[in-house]
Asker: 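Here you go, one structure.
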Amino acid sequence: MTPRILIIDDDLAVLVTVAHVLSIAGYKVATASNGKRALFLLNRFDPNLVLTDLIMPEMDGVETITEIKKTRPDLKIIAMSGGARIGNGNILQRAKEFGADLLISKPFEMAELTSLIGRSLAATKV
Amino acid sequence: MGVDLSQSRSCGSDGDERFRLLFEGLNQGVTFQDAEGYILDANPAAERILGVTRAELIGRHARDSSWQVCDASGSAISEKNYPGFVARAMDQAQIKVTVGIFNSARGERRWLNVDYIPQPSLPGRPSVSLCTVFSDITEQRRTEQALRENENYLGRAQRIASVGSCFLDFRDDKLKWSDEVFSIYGVEKSQHVPSLDSVRKLIHPDDWQIYIDAVETAREGHQPHPIQYRIFRPDGQIRILFRDSELSLDDAGVVIGALSIIQDITDLRAAEKQKDELQTQLFHAQRLEALGTLAGGIAHDLNNTLVPILGLSEAMLSGVRANHPHRPLLQVIHTAGTRARDLVRRILTFSRREDLDSKPLELTPFLHETMRLVRAGLPANIKIDQRISRPFRIFGDASQLHQVIVNLVTNAAHAIGDVGGKITVRVSESRATRLDDRSSLAGKFIRISVIDAGCGMDDETRKHIFEPFFTTKKIGAGTGLGLSVVHGIVTAHGGHIDVTSSLGEGSRFDVFLPMLAPERDVNEIAGIAS
């Protein structure tokens, strides 16, 4: 069965790029431009993995991760961000504390992303 | 008991009368004493001054205990030293002797100025042996005492304020100094006679004109402006003095001199300078912080923008055949995107938005290895003098610190240019002296100095060197990020960086990093660095 990946980012260009690359890589993808939309899609799309941006309007990445983990505590989540820090804290590290399993900094090589996803899914035994 | 002296005189009655009028009317007290010191007679002024009636005085001894006779210092006078006794014994007048006596009518001690005049034995008045003539100087003494106290207060006030006063008298060119001025100039009062000539020897030759111009301005009757000038003290110190003057006029309004106050403002100047430097440092730190925040914000947006540029060019490259005409064009997009990504990474380093991978680090092997790599990239006409074999440890990110050394040494090489020259890299121990919040946390710092004898820089350039994209190099020769990256890394390590430079004389960069002492907790250092 083809693994399903839910991509969340408020930047349309990022969504299009990542969706395109992951489709070519053989995954089934769905996109959400914010956390609320992602929670709505969660049950309908039933992803095996979530790839989420962190700095987003309305519901940010950390809140989104927290909400997802409430209903799907076992779901693998990869957090990505273009800003390494907020104030004195590292935003990616913060996402990890709130339940993100893996972290990746933007911009990334597509091979780096696909390899990260591959490893993550292998661990979950889809 | 009393002897009527006027009656006993053997001269004619006219003389007696004149003597009597003089004796009675004299404003000074007069007594006559016999050979043993008993008073034979006293005039009305004596009654008034001593507070005893003539009747009581006659027959009383000059050293009667009720008078509590004392000398000028207030000590009791022994019989042998009593001036009346001395005068009689030596047959020599004792003039202007200050004596204290207790005036029982006033209930207080009065001070007298007394002449003790021994009297030759005259026929007819053999018993008179001594005449005393005296006046009451109590008020005068009080005035003098008050004056002395005032002078004392003034001297102490000058000492407390470290302000001296001096008066230059234009009529004879004499210079009078208060005690504090001697101390300000560092000369002994007993060995230095102040004069324009002697003061010239103490004043810095470059500043003498300032001093003498102010003197001449005053001499011409114009109010001189306050001046500052340097002096050489005999102990070798150069001090900066401040002098402000006021003209002194006589009753006719003619200028007779100038009264000045003199103050040593060396420490004040140093404190002001330090304050200015701290303010400048603070200003630059705030400016760099603001630029860092701005750069961090831009970097975040750029990183997002670079995802499709890098990702889609990469995806398309893998989808097109090797000889497709679009392939090299896609390659250009991908390469440009990669360059932009690297640029953003450096900006993030400057703005301290990149994490450090800090570990305890032995400085000597680290620096030797770094210098070996740096040297390989330098032209042959650059010599490196390295003094880095000190067993220091720090807590830091080796690859980031490597970048610091590379950037500083490369910059030094650029400053030296084609002419060639020497770069010195030195490691030493330092106690940070900056009133910086980090310095107050950590005691000892190690200092890595990179010194070149290159072109140097002016103050204006020095103010901006750590700002991102500031460069003095030709367009295309540098990004202007090298030193901002250095600043970012050093600050992230809990250190700081100082620059001294002057145009044409080279530059010196001192990187201060907290020293890792064996007893120090690594986590504590990590806390400082984060």
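Labels below follow one simple rule: chain letters A, B, ... track the order of the sequence lines, proteins then strands, and each chain is numbered from 1. As a basis for the values below, the full set of heavy atoms in this structure was taken, side chains included, without hydrogen atoms, waters or symmetry mates.
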Asker: Any idea which heavy atoms bring V21(A) and G311(B) closest together, and the distance?
Answerer: CG2-O, 4.2 Å
Asker: Under the criterion side chain to side chain contact (heavy atoms under 4.5 Å, CB included), I'd like the reasoning laid out for N304(B) against D9(A): C-alpha separation, chi angles, the key distance, then a yes or no.
Answerer: CA-CA 10 Å; N304(B) 273 301; D9(A) 201 309; 4.2 Å; yes
Asker: State, to 0.1 Å, how close N303(B) and P107(A) come at their nearest heavy-atom pair, and which atoms those are.
Answerer: OD1-CD, 3.2 Å
Asker: Mind checking the OG1-CG spacing from T17(A) to L310(B)? Nearest 0.5 Å is all I need.
Answerer: 10.0 Å
Asker: Return the minimal non-hydrogen interatomic distance between E314(B) and M110(A), and the atom names on each side.
Answerer: OE1-N, 3.1 Å
Asker: Measure the shortest side-chain to side-chain distance between I55(A) and H300(B) over non-hydrogen atoms and say whether it is less than 4.5 angstrom.
Answerer: yes
Asker: Using a 6.0 Å cut-off, check whether atom NZ of K69(A) has over 12 heavy atoms from anything other than its own residue.
Answerer: yes
Asker: So L312(B) and H20(A), side chain to side chain contact (heavy atoms under 4.5 Å, CB included) or not? Walk me through it.
Answerer: CA-CA 8 Å; L312(B) 292 180; H20(A) 176 77; 4.0 Å; yes
Asker: Is there a side chain to side chain contact (heavy atoms under 4.5 Å, CB included) between K106(A) and L306(B)? Walk through the geometry before answering.
Answerer: CA-CA 8 Å; K106(A) 290 180 190 171; L306(B) 284 166; over 6 Å; no
Asker: Verify the neighbour count for atom CZ of R44(A): are there more than 12 heavy atoms of other residues, nucleotides or ligands below 6.0 Å?
Answerer: no
Asker: Report the distance from atom CZ of R345(B) to atom OG of S105(A), rounding to the nearest 0.5 Å.
Answerer: 8.0 Å
Asker: With a cut-off of 6.0 Å (strictly less than), are more than 12 heavy atoms of other residues, nucleotides or ligands near CE of M316(B)?
Answerer: no
Asker: Taking atom NE2 of H326(B) as the centre, report whether more than 12 heavy atoms of other residues, nucleotides or ligands fall under 6.0 Å from it.
Answerer: no
